[in-house]
Amino acid sequence: MKLPEHISPEQWQRAKAIADSRETPCLVIDLDNIRQKYTQLVQGFDYARVFYAVKANPADEVIALLAQLGSNFDIASTYELDKVMKHGVEPARMSFGNTIKKARDIRYFHDKGVRLYATDSEADLRNIAEQAPGSKVYIRVLTEGSEGADWPLSRKFGCNPEMAVELAVLARDLGLLPWGLSFHVGSQQRDIDVWDGAIAKVKVIFERLQTEYGIGLKMINMGGGFPASYLHKANEFAVYVQEITRFLKEDFGDDLPEIILEPGRSLVGDAGILVSEVVLIARKSATALERWVFTDVGKFNGLIETLDEAIKYPLASERDDDPAAEFEEVILAGPTCDSVDIMYESYRYKLPLSLEMGDRLYWFSTGAYTTSYSSVEFNGFPPLKYYVV
Ligand SMILES: Cc1ncc(COP(=O)(O)O)c(C=O)c1O
């Protein structure tokens, strides 16, 4: 089978050895691939601390590996906190990165020893001051330019720069430590220049706080946004490192504040191969030009990021190698009785005409935001299973 460039024959063999004897759909996660990505990340950004965004793939084996490699963890809820703590990760290696949180959940984090919190609103900041007194806070700033992101996060999170200044001052007045600023340029961000604008914005807020209020911020959290290898090409990771480091140096010189990264997708995406089975192949009329291919994985059990056809995974079938194979465009849909459950209709994947029901399809780079987004029981289908190699 013609593998995507980023999948080594070894990773493919390892995944297949596990998947061949398993029921579909299932995700096979290759820990070696995650290890390589982590090493590449910490070698590239050797001046930064990595806080893995657990939401991307909360598998115990993934958390254990990253904990062992020395990663810190960006946590979104008390459930994630419990899960990561189970692996013996000290609270000093965690942040509560969700800006939307209950007061009692802040208290829970504080009781467990976490002292680093994200915020972007006055109400949340006041809750942090009450429930986690004396903690470090970083303020999330809205970023523009999320058009380059295949999975934008834009308007829901962050505040404008003026409010960021006000919140930092209020944090100090409430007895908290105004520690830094954060931004997220949008997930699967393919336009590297967006980091330039975000860093410049952060620099202005740093300077205003120093000169007008005597507050010296110490940290920038640059979020995630680094790409996994999907069909829409992104730059090599080394180019991200080179350019983002240049933007930082241009604005902050050699005197960089502490830099935090919160990658999810780029660390675990390429490690996953999702294996599914063709349930049905159909035409809607005798003269219809295209076939519908229904698979046992769909939007509700792993592929929710195909909403609006945002993420396009590399896809292969077991008949691709047939030398006589003729390929034809298909519409790809999932197994449930909800019409939203169509993965690709505008974008047309080509699959062999010889494809048959019962054949296996392989979805590459599916290690991020698949198992964690999978529904519990829609149409009775269980959450996406995963196996680890
Ligand atoms: C606060 C925060 N940090 C990090 C991430 C991870 O981003 P990515 O998967 O693009 O690396 C997310 C993703 O939603 C996030 O919300």
Side-chain angles (χ1 to χ4, degrees), residues 1-7 19 24-28 56 147-152 186-190 227-234 265 269-270 272-285 287-321 325-375 378-379 381 384:
M1 185 182 312
K2 191 170 177 304
L3 295 173
E5 267 168 38
H6 67 278
I7 302 287
T24 61
C26 66
L27 177 73
V28 184
E147 302 87 57
D150 289 337
W151 195 258
S187 201
Q188 189 68 11
Q189 178 54 266
R190 289 179 293 113
S229 307
Y230 301 131
L231 284 193
H232 274 171
K233 287 275 168 282
R265 191 184 296 283
D270 290 355
I273 299 178
L274 201 163
V275 185
S276 71
E277 182 182 313
V278 177
V279 179
L280 179 71
I281 302 175
R283 290 186 198 268
K284 297 287 177 190
S285 75
T287 54
L289 292 172
E290 69 277 302
R291 289 176 304 163
W292 285 69
V293 172
F294 300 91
T295 81
D296 59 4
V297 71
K299 275 209 163 70
F300 297 100
N301 57 351
L303 299 182
I304 192 73
E305 288 203 320
T306 59
L307 268 175
D308 296 332
E309 308 195 8
I311 298 292
K312 296 185 184 68
Y313 302 100
L315 176 66
S317 87
E318 57 183 300
R319 287 187 201 266
D320 287 5
D321 285 341
E326 271 182 65
F327 287 77
E328 187 197 48
E329 289 184 352
V330 298
I331 297 168
L332 277 161
T336 64
C337 49
D338 188 314
S339 55
V340 167
D341 195 9
I342 300 171
M343 285 83 81
Y344 302 106
E345 192 171 4
S346 301
Y347 184 81
R348 294 291 171 92
Y349 280 81
K350 285 188 173 169
L351 290 175
L353 262 175
S354 55
L355 191 75
E356 287 183 10
M357 294 186 283
D359 284 356
R360 287 189 161 205
L361 295 178
Y362 300 94
W363 307 74
F364 296 96
S365 297
T366 39
Y369 305 112
T370 49
T371 48
S372 57
Y373 265 144
S374 177
S375 78
F378 185 50
N379 278 209
F381 292 113
L384 181 61

Check: Is the backbone N or O of Ala19 less than 3.5 Å from a side-chain atom of Arg360, with the two atoms forming a donor-acceptor pair by type?
Finding: yes

Between the OH atom in Tyr369 and the OG atom in Ser374, the distance rounded to the nearest 0.5 Å is 16.0 Å

Quick one, Asp296 with Phe381, criterion side-chain contact (heavy atoms from CB on, under 4.5 Å). Give me CA distance, side-chain angles, the key distance, then yes/no. CA-CA 9 Å; Asp296 59 4; Phe381 292 113; over 6 Å; no

Residues Val278 and Ile281: closest non-hydrogen pair is CG1-CG1, 3.6 Å

When rounded to the nearest 0.5 Å, the distance separating CD1 of Ile331 from CD of Glu345 is 4.5 Å

> With a 4.5 Å heavy-atom cut-off, do Lys233 and Arg190 have their side chains touching?
Replying inline: no

I want to check something: taking the side chain as every heavy atom from C-beta on, are Glu329 and Tyr344 in contact at a cut-off of under 4.5 Å? no

To the nearest 0.5 Å, atom CE of Met343 lies from atom CD of Glu309 at 10.5 Å

query = Is there side-chain contact between Asp338 and Asn379, with heavy atoms separated by less than 4.5 Å?
reply = no

Note: Asn301 and Pro25 closest approach over all heavy atoms is ND2-CG, 3.8 Å

Rounding to 0.5 Å, atoms OG1 (Thr24) and CG (Leu274) come to a distance of 9.5 Å

Closest non-hydrogen contact found for Tyr230 with Ser365 is CE2-O, 3.2 Å

Can you confirm whether the side chains of Ser187 and Arg265 place a donor and an acceptor under 3.5 Å from each other? yes

Output for pair (Ile342 CD1, Phe294 CZ), nearest 0.5 Å, gives 8.0 Å

Find out whether Thr306 and Trp363 are in side-chain contact, i.e. whether some heavy atom of one side chain is under 4.5 Å from a heavy atom of the other. no

One should read off an interatomic distance between Ser276 OG and Leu303 CG, to the nearest 0.5 angstrom, of 8.0 Å

Below 4.5 Å, heavy atoms only, C-beta onward: do Phe327 and Asp320 meet side chain to side chain?
-> yes

For Pro352 and Arg291 the tightest heavy-atom approach is O-NH2, 3.3 Å

Any chance the side chains of Asp341 and Thr336 put a donor and an acceptor closer than 3.5 Å? yes

Residue set satisfying ring-ring contact (aromatic ring centres under 6.0 Å, His included) with Tyr347, at least two apart, ordered chain then number -> Tyr349

Worksheet entry | Side chain proximity check, Ser317 to Leu351, heavy atoms < 4.5 angstrom | yes

Closest non-hydrogen contact found for Arg348 with Val330 is CD-O, 3.3 Å

Nearest heavy-atom approach of His232 to Asp150 is CB-OD2, 4.4 Å

